Every structure is written in C-alpha cells, then in structure tokens.
Amino acid sequence: MNKRLLALGLLFALLLAACGGGSAPSTTIDITMIDFQFTPNAFTVPAGQEITVNILNTGAVVHNFIIMKLGTTAGEAFEDDDETNVYWEEVDIQPGGNINTTFTAPTEPGEYQIVCRTAGHITSGMIGTLTVVAGE
Ligand SMILES: [Cu+2]
C-alpha cells in the first residue's frame, strides 16, 4: 500500500472513531473495558426500548458496568449509599471475559452516568455517559 492510501485509510479510521458512540440512537451497546476506561464511553439509546449490551473486558482486572439513575452520580467512588441510585448494572466482568445481555432503556430522556464500581476505578477514568433520547 502506498503512503497516500495509508494516510487516507488512517483518516477514515479516525473519522469512524470520532463518530463512534455518537449521536445516532442505537439499540446496541458494544463496549470494551480496559484498565481503566470504557471504550467508547458515550452511548445514545432510544427511551424505553430493549438494549442489547455486548461487554468485553480486555483489561487485567475485574470491571463493572453500572448505569446510575437520572440526576444521580456515584461521585469519586461507588459507596454503599450509591446502591439505591443504580438504574442497571452488570457486575464482575472478569479479565478476558465477555457478557452479552439486555436491559430496558429508561423511559425518561436525559444523560445517565455510567461507572465502574471497583474501588479506585472511577477516579482512574472509568466513567461514561448514556444519553437517552425520546423515540419518534
Ligand atoms: Cu473498572
């Protein structure tokens, strides 16, 4: 492959990455967990619909995927008193593990915080946003 083609290919890949986890609502969430990040870390889903979640943990430690209720955040660390503010969670995704599951998106549009509850992971960067948009 010549250099020009390579540059074009790279540009295209960058564009794709920039658009990923973007604005168009999707009923599928594909997420890769690394130490210590959700990639991507922003998702847009339609309100009230069944969402398929495919989670892959390529990190070396256990991670969790927790959606907080609207208007709440876990703060700097997920504590026992954050438990009542959980909208949905998939916990203990082992290193090298993957989970395919579903949940029902909240009916109320807005921005919901995503966190990993493993100690220290929020401050290390494991936070994200689930944007819920009203259906047509
Ligand atoms: Cu984590």
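Computed from a predicted model, the values in this text were never measured in an experiment. Ligands are counted one by one from 1 in listed order, and the atoms in each one are counted from 1 as well.
Taking CG of L70 as the start and CD of Q113 as the end, the distance is 11.5 Å to the nearest 0.5 Å.
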With side-chain hydrogen bond (donor to acceptor under 3.5 Å, both in side chains) as the test, would you mind laying out the steps for N64 and T118 before giving the verdict? CA-CA 7 Å; N64 306 282; T118 309; 2.8 Å; yes
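At a threshold of 2.8 Å, the Cu ion (ligand 1) has a backbone or side-chain N, O or S atom of M126 nearer than that distance.
When the N, O or S atoms of H121 are ranked by distance to the Cu ion (ligand 1), ND1 comes first. For H63, the N, O or S atom with the smallest separation from the Cu ion (ligand 1) is ND1.
With hydrogens and angles disregarded, a donor-acceptor distance shorter than 3.5 Å links the side chain of N57 to the backbone of Q94.
Minimum interatomic distance between W88 and T102 (heavy atoms only, all atoms of both residues): CZ2-O, 3.9 Å.
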